[in-house]
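Below you'll find the structure, written out as structure tokens, and then a few comments.
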Amino acid sequence: MSKPLKQIHLAAHFPGVNNTTVWSDPAAGSHIEFSSFAHFAKTAERARFDFLFLAEGLRLREQGGKIYDLDVVGRPDTFTILAALAAVTEHLGLTGTINSTFNEPYEVARQFASLDHLSGGRAAWNVVTSWDAFTGENFRRGGFLPQDERYSRAKEFLATANELFDSWHGDEILADQATGAFLRDAGAGSFVHQGPQFDIHGQFNVPRSPQGRPVIFQAGESDEGREFAASSADAIFSRYATLDAGQAFYTDVKSRLAKYGRAPGELLILPAASFVLGDTDAEAEEIAHQVRRQQVSGATALKHLEFVWNRDLSSYDPEGPLPDVDPLVSEEHISRGRAQVRMYRDPIAIAREWRELAEANKWSIRDLVINTGNRQTFVGSPATVARTIDDFVQADVSDGFILVPHITPGGLDTFADTVVPLLQERGVFRTEYEGTTLRDHLGLAHPDEKRSERVAS
Ligand SMILES: Cc1cc2nc3c(=O)[nH]c(=O)nc-3n(C[C@H](O)[C@H](O)[C@H](O)COP(=O)(O)O)c2cc1C
């Protein structure tokens, strides 16, 4: 008997913290006005998507002391947007990225429990540790916590928030073995948490919300990040959407679940995926190329190269050859607030490889950046894209995708109208919402069910 088809999960990423967005395209709308968020959310809901996803950038990224030119300048607050969206949608899950390094569990737990109430059980929290000290300067603590301590804080942060969510439950004593912390629940909302990161006690004043706890996402790819997800998250937002890299990540993370007593279905893998549609595959390829050129202007290409070279390259012609000078290897980096600082571990070797590639192909700086940068994940006619998405999910590249259109807010419309019906015809995507909460859409158990299963077994 053949394996039953996996059902695909789809989500919509409202861009902002990336270089995918082509804000200069005449078709692009505001990234700040509520009408853009509402348009995007309503398209996602019309298409029966699982949820809308907001990444979070707490500081505008800089290079050479200037704001990075392709970024969208301005990012309204996550909770405010999601609360407003809760009022104009009925089924769509609402996922917010909130970091555990600079916030405090009590206020974050209140905000998510409140969002879960307001939305009737549709809240999700993407727990991230955030990039760097530069971001931390916005906060009271400045460059708080080295990278390797951020996950111990994240773990205790989430455990503490869970204690708060669960504090409207009963009067049992809960011990958290991971952190050595404990909670004495002596009545609705009262809590005591003592641990290395948080020593708090008081009364949690938001009653238990429809989902019990928000759905928990994690994004971060180090070993500690993967362990954190395997022990504590319901889903991972990853960047591995291609066949080989996706399968490798999927196998790695799912194989970590057993040691926490969890089944593979309890942690969904949902990579970010960009897409370009055309009437035919050839037309889509052509559009995809044009979009890449829009995403990588001459100025952007130089910034990208500076990123590896760690030097000011503004005097170079982006349509000319690569610099002869080698990258500057130093602890101080020209770029601030960007993730990829850690992606280029050996800049001298990369520079050599890129010079060779550029020479062999007669590429300018801009051509090189266009051709070595990320290609869109899915490019083709609606039939090709629907088939590829389905094939990837059935081949365990992922459990679905978080789609990142390059145009906001209208970039999802054609996907909703053309690809989604084909996925529905294939029997791998819902035609109607079957439940009311985000846990229902994602096929995740309510924490109370998990708890009673544990008590029964
Ligand atoms: C796919 C992906 C998305 C991320 N999104 C965000 C984000 O929106 N906001 C943020 O502050 N950090 C974000 N992060 C950064 C993580 O919080 C984390 O700081 C970083 O990945 C370093 O952890 P790691 O070593 O485990 O990867 C993201 C990371 C990944 C891999």
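Atoms considered below: every heavy atom in the structure, side chains included; atoms not considered: hydrogens, waters and symmetry mates. Whatever order the structure lists them in is the order used to number ligands and atoms, beginning at 1.
- Less than 4.0 angstrom separates some heavy atom of S222 from each of these atoms of ligand 1: 24 (P), 25 (O), 26 (O), 27 (O).
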Residues 400-407 side chain polar contacts: donor-acceptor under 3.5 Å, at least two apart:
none

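- Taking each of A219, S238, G96, A55 in turn, the one with a heavy atom nearest to atom 4 (C) of ligand 1 proves to be A219.
- Looking at D116 and R439, no side-chain N of the basic residue comes within less than 4.0 Å of a carboxylate O on the acidic one, giving no salt bridge.
- The distance criterion of under 3.5 Å between nitrogen or oxygen atoms is met by Y151 with respect to ligand 1.
- Checked by distance only, ligand 1 and R239 stay at 3.5 Å or farther apart across all their nitrogen or oxygen atoms.
- For the residue pair H9 and D50, a side-chain donor N or O sits within less than 3.5 Å of a side-chain acceptor on the partner.
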F51 vs F217, test: ring-ring contact (aromatic ring centres under 6.0 Å, His included). Steps then yes/no.
CA-CA 12 Å; F51 58 93; F217 280 71; 5.1 Å; yes
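- Numbered from 1 in the order shown, with element, the atoms of ligand 1 that lie under 4.0 Å from a heavy atom of S130 read 10 (C), 11 (O), 12 (N), 17 (O), 19 (O).
- Contact check on R352 versus D326 returns no salt bridge, with no Lys/Arg side-chain nitrogen under 4.0 Å from an Asp/Glu carboxylate oxygen.
- Under the 4.0 angstrom criterion for non-hydrogen atoms, N99 is not in contact with ligand 1.
- Of the heavy atoms in F237, both backbone and side-chain atoms come closer than 4.0 Å to ligand 1.
- Contacts between T97 and ligand 1, counted as non-hydrogen atom pairs separated by less than 4.0 Å, involve the side chain only.
- A donor-acceptor pair shorter than 3.5 Å can be found between the side chains of E221 and Y240.
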